[in-house]
Structures are given as structure tokens and as C-alpha cells.
Asker: 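Got a structure for you, questions after.
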Amino acid sequence: QITLKESGPTLVTPKQTLTLTCTFSGFSLSTDGVAVGWIRQPPGKALEWLGLVYWNDDKRYSPSLKSRLSITTDTSKNQVVLTVTNVGPVDTATYFCARGAPFGSGWIDFWGPGARVTVSS
Amino acid sequence: DIQVTQSPSTLSASVGDRVSITCRASRSISTWLAWYQQKPGKAPKVLIYDASTLESGVPSRFSGTGSGTEFTLTISSLQPDDFATYYCQQYLNYPLTFGQGTKLDNK
């Protein structure tokens, strides 16, 4: 059974760094073709893709956020970490981690339940 | 970036209706398109990938067609569980992009 779950702070102060951890089970990020990514959704708005990491550590980021994003992995712990620096109110959103369908080129077959993050002083 | 635009933004329909949602890409994406269903407070769920392949376990009343720049998600006979928001997503290249969503509500 494949599961993913996001964890991290629910409230972040403006200009600080947001760190979210995705802990997954039922698959390995060491397996060829596997990818884990992050998507966010501001309240009442559409989904926004942030970035992903492949099994071979190749990483892709949204160009509009690339300067503030970082995705790292801990394969031994089955974790993928998203870091967003210098956050502002526009970063208030539910953050989802998700698995890219193996060799599926970018569609998502499993999602975590989401972590709601508010940026406010 | 490849933009994907959905229409309509809101669709009112009744149980038993046949409904269609359109997704248009700003340039050709072949069949690199997926459709998701999202209910309030929940994560999206994939319905269709590669424009027309039904994900395992998804009811056959859902279908996807199209290639190039124009795609359609059709629900052949709307069921009570289908009232939700639907998103398309292109994955021809990065950044991956989603449509703005279509909210399907009960007329």
C-alpha cells in the first residue's frame, strides 16, 4: 500500500524559512522511474506545481519559485524535504507531496493528504 | 511555460446528466495530459492519464479524449459522488502546469 504524508509547521512568520517533510511508504525512491514532488494550493485557488526529485536525484523546480525552493531527500528514511525561503503571505497554502507515476512522465498517481500552512506575523 | 485553460469554470448539472469539461493547451502537448478530481479538504485523485487512459479503479462513466491542444473530460451519467472540482494537468515539459479548475455543482 502506497502512502505519503506531509508534516511541518502550520504557522510561519514572514521572511522565515518553511520546511516540510514528506514521509512515504510502499515504494522506494531508489527504484528506477520513481519521482516525488510537491504541489501547493492557496485557499480557494488552483493547484500549483512546485518541483520534484527523481530516483536518480535529478531535480526540477518551478521557474517562478526556483530561487526560493529546495528539495532534498533522505532515501534511508523514505523522506523528501521541501524548503521555501523568505516566505510571505502568498505562500499561505495547503502543501501536497505526491508520487509521480513511475516512468509516467509527470502525472501523479498518489497524493498525501496535504499540510495547511499559514504565513502570518 | 505551457498554459492550460479549462472551461467552463463552473458547471451546474443534475444526477444522470452527461457533462463535458474542456482543457486547452497553449501549444501542442500530444497526449501528455491528466485529469484529476478534488473534493473539498481532500487531495486530488487521478481519473485519466495520457489523455484517454482510465486509471485503475475509476468508474467507466469517466472518459477522456483529445490530443494536441484540445482535450475533453466527459462523465456519461453524473452520479452524486461526482460533484467536485476537476483539474487538468499537462506534463509535456517543465514546469508541469494545472488548469484553473472546473467546479461541478448540483443544479
Side-chain angles (χ1 to χ4, degrees), chain A residues 1-7 10 20 22 24 33 35-54 58-69 71 93-117, chain B residues 1-10 21 23 25 29-58 62 64 66 71 73 84-105:
Chain A
Q1 181 188 5
I2 292 174
T3 64
L4 305 98
K5 188 171 184 179
E6 309 84 356
S7 58
T10 58
L20 292 169
C22 174
F24 56 87
V36 174
W38 291 90
I39 300 98
R40 72 181 181 182
Q41 185 172 38
K45 296 189 177 180
L47 302 163
E48 178 184 21
W49 179 78
L50 301 180
L52 56 73
V53 56
Y54 285 99
D58 184 22
K59 297 171 186 175
R60 305 296 174 122
Y61 296 100
S62 169
S64 63
L65 292 163
K66 187 174 183 179
S67 63
R68 298 197 295 126
L69 293 182
I71 294 175
T94 297
Y95 287 75
F96 297 99
C97 74
R99 190 184 85 153
F103 297 108
S105 302
W107 62 277
I108 298 163
D109 59 357
F110 290 93
W111 297 69
R116 186 173 295 184
V117 177
Chain B
D1 298 4
I2 297 175
Q3 310 302 319
V4 284
T5 304
Q6 289 180 233
S7 60
S9 297
T10 306
I21 299 168
C23 181
I29 57 170
S30 183
T31 56
W32 302 113
L33 186 103
W35 290 96
Y36 302 88
Q37 177 194 67
Q38 187 181 32
K39 295 184 178 179
K42 301 294 186 181
K45 166 191 167 185
V46 67
L47 302 172
I48 304 273
Y49 61 92
D50 294 348
S52 61
T53 302
L54 195 68
E55 169 71 330
S56 176
V58 174
F62 292 92
F71 303 85
L73 172 71
T85 300
Y86 293 83
Y87 293 94
C88 59
Q89 178 224 339
Q90 70 80 21
Y91 47 98
L92 172 68
N93 59 18
Y94 301 101
L96 308 182
T97 46
F98 291 88
Q100 81 277 18
T102 294
K103 184 177 181 181
L104 178 55
D105 63 23

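In the text below, chain A, chain B and the rest are named by the order of the sequence lines, each starting its count at 1.
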Asker: Can you tell me which portion of A:I39 sits under 4.5 Å from chain B's heavy atoms? Options are side chain, backbone, both or neither.
Answerer: side chain
Asker: Does atom NZ (B:K39) have a neighbourhood of more than 12 heavy atoms from anything else shown, all under 6.0 Å?
Answerer: yes
Asker: Measure B:A43 against the heavy atoms of chain A and call it side chain, backbone, both or neither at under 4.5 Å.
Answerer: both
Asker: side-chain hydrogen bond (donor to acceptor under 3.5 Å, both in side chains) with A:T94: which residues, sequence neighbours excluded?
Answerer: none
Asker: Check each atom of B:Q38 against the heavy atoms of chain A and say whether the ones under 4.5 Å are side chain, backbone, both or neither.
Answerer: side chain
Asker: Below 4.5 Å, heavy-atom pairs only: which of B:G41, B:G101, B:P95, B:P44 has the largest tally toward chain A?
Answerer: B:P44
Asker: State the CG-CG distance between A:L47 and B:L96, to the nearest 0.5 angstrom.
Answerer: 12.0 Å
Asker: State which residues pass ring pair (Phe, Tyr, Trp, His ring centres under 6.0 Å) with B:Y49; sequence neighbours excluded, sorted by chain then number.
Answerer: A:W107
Asker: State the CD-CZ distance between A:Q41 and B:F98, to the nearest 0.5 angstrom.
Answerer: 9.5 Å
Asker: Locate the shortest heavy-atom distance separating B:Q89 from A:G106; write the atom from each residue and the value.
Answerer: NE2-O, 2.9 Å
